[in-house]
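To start, the structure under review is shown below, and the notes come after it.
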Amino acid sequence: MKLGARAFKTGLATAIALYVASAFGLKAGVFAAAIAAVSSIQPSIYRSVQTIIEQIQANIIGATLAIILVLSVGNEPFLIGFGIIIVIGICMLFKMKEDTTFIAIIAVIAIMESTQMPFIEQAGIRFSAIFIGIISAFVVNMAFLPPKYETRLFEQINSTTNDILQWIRVTTRHLSDQPALKREIERIQEDIRKLDQTYMLFSEERTYTRKKGYIRARKLVLFRQLIITTKKAFNVLQNLHRMDYEIEHFNSEVNKKIIEEVDKTLHTHEKLVLMYLGRIRKKEQDPLEKISTPDIPNLVDQLMESYDEENDRMTFLPLASNLLEYHNELVHLKKLLVSYQNKE
């Protein structure tokens, strides 16, 4: 099991909230402070800044509603439940996020809970404790272990791409174990979903100079194209998996051509990733370019011409379409990468 930075930040924020609440004599509210700290940890600095104002507002909404209910009708358990329903409705009205709504719910429960303490004093202590929890999490998010989403994103792209390309190579040669490949496709789908999440977090990071902002904007465009190209490769893998039996019984010459051209395409994809890493020297002319440049459009034409029946053509049309889309995205990725490296 691997613990990430967010786990450490959650523990640290909780400890800070407990210490601060105790130091201010808010012992009746330390539990609320801890829960608020845990629910306020965000995966990026930008989200932390964006969220803190909403969470303070949610704390105020929850506390205000709880005080009004207790002073007007009491604090019976069914009234606490009613208060939670109302506060959720208010948060939905203001389109607040789930973690923000949770802060409002904590405020309602903490303030409406029965104690021996005078109600107004109790309400003030627990409102303050929740506020301390929110601020503690915000300080930890800002000061400790800021996430490096650029590095994480490229590592995820590189790992997912390598997995896809390896499986395509095995599948085009009809060597893949179908149940194992099916499980891998499901895992890769989850990896691609995580890719999109990490890209979103990376895109939310902010820069404070125009020059850094320009460099980062160009990186975002390049990373987005890397992800799009990886997704197109995955689409090819899915179609190869679905059509493994049909492809195995292709005309032998067409089958060889598929392996040859797909291998060239995968080689091109790998070479572009290595170019981004700076592991390939820049040359005016690549001596292997002529023999390693894929000719996917010609392959698609051969694939379509090999089958006279309309139904057969329609069967193989998705694979042909995926191969063309993959090829076109690689061409676009190469242009972006060359432009990116020339302006470094």
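Expressed to the nearest 0.5 Å, how far CZ of Arg169 lies from CG of Leu175 amounts to 13.0 Å. Between Met112 atom CE and Phe82 atom CZ the span is 9.5 Å, to the nearest 0.5 Å. Distance CZ/Arg224 to OG1/Thr229: 11.5 Å, rounded to 0.5 Å. Of the inter-residue distances, the one linking Leu240 atom CG with His174 atom NE2 reads 9.0 Å to the nearest 0.5 angstrom. Separation of atoms CD1 (Ile109) and CD1 (Ile130) is listed at 9.5 Å; rounding is to 0.5 Å. For the atom pair CD (Glu54) and CD1 (Ile61), the distance works out to 10.0 Å, reported to the nearest 0.5 Å.
Put simply, Met243 and Val170 are part of two different groups of oily side chains (I, L, V, M, F, W, Y) that touch within less than 4.5 Å, one to the next. Residues Phe154 and Ile215 do not share a hydrophobic cluster, defined by chaining ILVMFWY side chains whose heavy atoms lie under 4.5 Å apart. No continuous path of ILVMFWY side-chain contacts below 4.5 Å connects Leu93 to Ile56, so the two sit in separate hydrophobic clusters. Hydrophobic clustering, with ILVMFWY side chains joined whenever heavy atoms are under 4.5 angstrom apart, groups Val87 together with Val73. In this structure, Met200 is not a member of the same hydrophobic cluster as Val221, with clusters built from ILVMFWY side-chain heavy atoms closer than 4.5 Å.
With a 4.5 Å cut-off on side-chain heavy atoms, Leu153 and Ile227 count as touching. Side-chain contact between Leu237 and Leu165 is absent, with no heavy-atom pair separated by less than 4.5 Å. Using a 4.5 Å heavy-atom threshold, the side chains of Leu201 and Gln197 count as separate. Between Trp167 and Ile185, every side-chain heavy-atom pair lies at or beyond the 4.5 Å cut-off. Using a 4.5 Å cut-off on side-chain heavy atoms (C-beta onward), Ile35 and Phe102 make contact. Within the 4.5 Å cutoff, no side-chain heavy atoms of Leu220 are placed close to those of Glu150. Side chains of Leu333 and Leu222 form a contact here, defined as non-hydrogen atoms less than 4.5 Å apart. In this structure, His327 and Val331 have side chains that are in contact, with non-hydrogen atoms separated by less than 4.5 Å.
Lys232 and Glu325 are joined by a salt bridge, as a carboxylate oxygen and a charged side-chain nitrogen come within less than 4.0 angstrom of each other. Salt-bridge formation is not detected for the pair Lys231/Glu329: no Lys NZ or Arg NE/NH1/NH2 atom is positioned less than 4.0 Å from an Asp or Glu carboxylate oxygen. Under the 4.0 Å criterion applied to side-chain N and carboxylate O atoms, Glu190 and Arg187 are not assigned as salt-bridge partners. Ion pairing of Glu186 with Lys182 is absent here, as no side-chain N (NZ or NE/NH1/NH2) approaches a carboxylate O to less than 4.0 Å.
Taking every heavy atom of both residues into account, Gln122 and Glu113 meet most closely at NE2-O, 2.9 Å. The two residues Ile103 and Gln55 make their nearest non-hydrogen contact at CG2-O, 3.6 Å. When all heavy atoms are compared, the tightest approach of Ile168 to Ala233 is CD1-O, 3.5 Å. Here the shortest heavy-atom pairing between Ala37 and Ala17 reads CB-CB, 3.9 Å. Residue Ser136 comes nearest to Ala13 through the heavy atom pair CB-O, 3.8 Å, listed as atom of the first residue, atom of the second, then distance. In terms of heavy-atom proximity, Ala123 sits nearest to Ile111 at CB-CG2, 3.8 Å.
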What verdict does the side-chain contact (heavy atoms from CB on, under 4.5 Å) test give for Val262 and Leu323, after you've listed the backbone C-alpha separation in whole Å, the side-chain angles of each residue and the deciding distance to 0.1 Å?
CA-CA 8 Å; Val262 169; Leu323 286 169; 4.0 Å; yes
Determine, step by step, whether Glu260 and Lys264 satisfy the salt bridge (Lys or Arg N to Asp or Glu O under 4.0 Å) criterion, reporting the C-alpha distance in whole Å, the side-chain angles of both residues, the deciding distance to 0.1 Å, and the verdict.
CA-CA 6 Å; Glu260 179 185 344; Lys264 288 180 183 179; 3.6 Å; yes
Derivation and outcome, side-chain contact (heavy atoms from CB on, under 4.5 Å), residues Phe24 and Ile125:
CA-CA 10 Å; Phe24 279 97; Ile125 288 173; over 6 Å; no
Mind running side-chain contact (heavy atoms from CB on, under 4.5 Å) on Leu272 and His267 for me, showing each step along the way?
CA-CA 9 Å; Leu272 291 174; His267 172 72; over 6 Å; no
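No side-chain donor-acceptor contact under 3.5 Å links Thr160 and Thr230.
Counting non-hydrogen atoms of neighbouring residues, nucleotides and ligands closer than 6.0 angstrom, the CZ atom of Phe127 exceeds 12 such neighbours.
Under a 3.5 Å cut-off, the side chain of Arg218 and the backbone N or O of Ser339 do form a donor-acceptor pair.
Taking the six-membered ring wherever Trp is involved, the centroid distance between the rings of Phe223 and Tyr340 does not fall below 6.0 Å.
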